[in-house]
Amino acid sequence: MIAGVPELPRNDLLAEQFDLLADLMELEGGDGFRISAYRKAAARIRETPSSVAQLALDGKAKQLQGIGKTIEAKIVEVVDEGEIRALTKRKAEVPAEVATFMRLPGLGPKTARRIWQELGITTAADLKAAAEAQGLRGHAGIGAGTEEKIAAALARPKATEGPRRALLGTTLPKLRAVVEVLREHPASVEVSLAGSARRMRETVRDLDIIATATDAEALVDYFCSLRWVVDVAARGSTKATVVSHDGSRFDLRVVPPESYGNLLQHFTGSKHHNVALREDAVRRGFSVSEYSVTEVESGEEHSFAREEDVYRFLGYDWIPPELRENGGELAAARKGALPALVELGDLRGDLHTHTTWSDGKDPLEEMVASAQARGYAYYAICDHAQRLRGDLLGQQSEQIDALNELITSDKNSAPFRILKGIEVNIRPDGTLDVSEEDLATRDWVVASVHSRFDHNPTERVLGAMESPYVDCIGHVTNRKIGKRTPSPVDVERVIEKALETGTFLEINSQPDRLDLTDLHARAAREAGLKLVIDSDGHEVGALDFVELGVGQARRAWLTKDDVLNTRTWKQIEKLRKKRA
DNA sequence: GCCGTTTTCGGCCCGACTGTTTTCAGTCG
């Protein structure tokens, strides 16, 4: 933050205000379309990579889909006064905890409102007591069943918070294993992932699988009888939900083959994508459901076995699942202007990995062998500088030289080079923890913040990029999903400085990092910056994490050209900053 | 409150499930 310039409200906090305003208006029984307009605006704000407060001050927030004159003015109110005036007013009218009632299973705004206004209950504690004393049944449209659900939900800790989301990196392998097992069953025809896992979101909640089968019931039976299933939560003839030992819930839906395309499209989402697709379809005289597309005038229905044909019929190119977030993909698909997204197979090397020379779990030879087996042409060993003091850096260097020589002399081996990389710390005072002299001996230098995350993170990163030896900044925001909130780094300034200095930024593929985020990576792409997708792997198995990084990059609309390490090492050497 | 290949006014995604209101509103994804 620059002295004298007040800090603008962050997008997520702005979005929260609009969501809360929508909740409170809904509880008061306000106009549903206005409420939904606020929610749409909140989603748009949350998914905008640059500061929406700044855009509003510049009069440009109106250009965002779903934000008009009135909402732009309300954003300016937040900048000026800290809160939307209408929100301040409604907070005085609606008791604070009533809005959390809506998040209990089975309760929506209407019932929450009646609990508050007809029964005078205003806190979760009072609601719990009333439910346990059976004082709710018979009132406010609540019967014994709903009352029991309320009591059970409130007995659980954090009942009024949303359900937890699991990391994609831990969930995807399990989900794929289930898909594979189902594919092998004789009754199955098509089996696919759906939901947020298919879209490669960094975290997932619903584990959805869609299938077609010659005998739906047989496939559902088989699914329910898999040996890791500890509980069958629901089971019908075409659909079941099972729970595994770690508490993951898997949904299988077996659908008719003739509408497999429609259903896969529907269950892949996102919700915002589907709503926008359907609104657009309505304007063109179609009605889209999960089963078919209906021509409103004639009533003629069209169902499709292939997802591509659903999009094509509606006038779009097929949209890769990673883009389906209502972030401009529909307009681009209509114009035939979707980017050709980067693919896992485009990566030619990994530029951030570790070995037992620092905190890695597998030795250098094994990491290198694994990289060769993946078909890489180069591979940077970036052990932590602080673990390579004294003679150790020289010793590691000798080992790399020897191994490179061995690989080169092997006539059966494809061209491959181990790069002498290093990961240096950006200290709290902004200096690097390695001398320029040592840095000059390395092929590739990653600089990262590993301590005092909240201490001037932006200035520290900007300073590190000034070094002629720093090629790439590691995990820019230092977040750990679900564990550590991102440092308050001004990513827009970091991107600007990266372009100015010729420094690259990484998409770190560790499942709990995925840092840069998809939004930041998209902003970087739009600014014209190339990004590195690397594993930050500390063991052989972790080299596979780049698939998650590629997913993140695809969600950020990155093409092969936008990713530095789709190039040869020679090309990278030409593109990077010149050393002093 | 937003938006526009009919529209600056009059619309605003769609269907399934649930529980309870005996005919459907509310909730969910």
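Just so you know, these numbers use all the heavy atoms, side chains as well, and skip hydrogens, waters and symmetry mates. Please read these numbers as outputs of a predicted model, since none were measured by experiment. Here is the naming used below: chain letters follow the sequence lines, and residue numbers restart at 1 for every chain.
Counting heavy-atom neighbours within 6.0 Å of A/Lys62 NZ, excluding the residue itself, gives a total above 12. Within 6.0 Å of CD on A/Glu297 lie no more than 12 heavy atoms contributed by other residues, nucleotides or ligands.
With P as the reference atom, B/dT5 and B/dG15 are 24 Å apart, rounded to whole Å. B/dG10 and B/dT6 are spaced 12 Å apart, taking the C1' atom of each and rounding to whole Å. Taking the C1' atoms as reference points, B/dT7 lies 14 Å from B/dC2, given to the whole Å. Here, B/dT23 and B/dG29 have their P atoms 28 Å apart, quoted to the whole Å. Nucleotides B/dC14 and B/dT8 have their P atoms positioned 23 Å apart, rounded to a whole Å. Nucleotides B/dC13 and B/dT27 have their C1' atoms positioned 16 Å apart, rounded to a whole Å. Between the P atoms of B/dC9 and B/dA16, the separation comes to 37 Å (whole Å).
Within 4.0 Å of A/Ala144, counting heavy atoms only, lie sugar-phosphate atoms of the nucleic acid but no base atom. Counting non-hydrogen atoms under 4.0 angstrom, A/Lys62 reaches nothing in the nucleic acid. Residue-level contact check: A/Ile67 touches the backbone only, with heavy atoms under 4.0 Å from sugar-phosphate atoms and none from bases. Within 4.0 Å of A/Val282, counting heavy atoms only, lie sugar-phosphate atoms of the nucleic acid but no base atom.
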Close N or O pairs between protein and nucleotides 26-29 of chain B (under 3.5 Å):
unit_1: B/dG26; atom_1: O3'; unit_2: A/Thr111; atom_2: OG1; d: 3.4
unit_1: B/dT27; atom_1: OP1; unit_2: A/Gly108; atom_2: N; d: 2.4
unit_1: B/dT27; atom_1: OP1; unit_2: A/Gly108; atom_2: O; d: 3.0
unit_1: B/dT27; atom_1: OP1; unit_2: A/Thr111; atom_2: N; d: 3.2
unit_1: B/dT27; atom_1: OP1; unit_2: A/Thr111; atom_2: OG1; d: 2.7
unit_1: B/dT27; atom_1: OP2; unit_2: A/Pro109; atom_2: N; d: 3.4
unit_1: B/dT27; atom_1: OP2; unit_2: A/Lys110; atom_2: N; d: 3.3
unit_1: B/dT27; atom_1: O5'; unit_2: A/Gly108; atom_2: N; d: 3.3
unit_1: B/dC28; atom_1: OP1; unit_2: A/Gly106; atom_2: N; d: 2.7
unit_1: B/dC28; atom_1: OP2; unit_2: A/Leu107; atom_2: O; d: 3.4

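Side-chain contact check for A/Thr241 and A/Arg249: no donor-acceptor pair (N or O, by modelled atom type) lies under 3.5 Å.
Counting only heavy atoms from C-beta outward, the side chains of A/Val178 and A/Leu207 never approach each other to under 4.5 Å. Counting heavy atoms from C-beta outward, A/Lys74 and A/Gln17 have side chains that stay 4.5 Å or more apart. Taking the side chain as every heavy atom from C-beta outward, A/Glu329 and A/Trp557 approach each other to under 4.5 Å.
Side-chain proximity of A/Asp31 to the nucleotides B/dG4, B/dG1, B/dG15 is greatest for B/dG1.
Under the 4.0 Å criterion applied to side-chain N and carboxylate O atoms, A/Glu526 and A/Arg522 are assigned as salt-bridge partners.
Heavy-atom nearest nucleotides on DNA chain B were determined for A/Ile71 and for A/Ile142, and the one closer to the 5' end corresponds to A/Ile71.
Under the Watson-Crick or G-U wobble criterion, with both distances below 3.5 Å, B/dC28 is paired with B/dG15.
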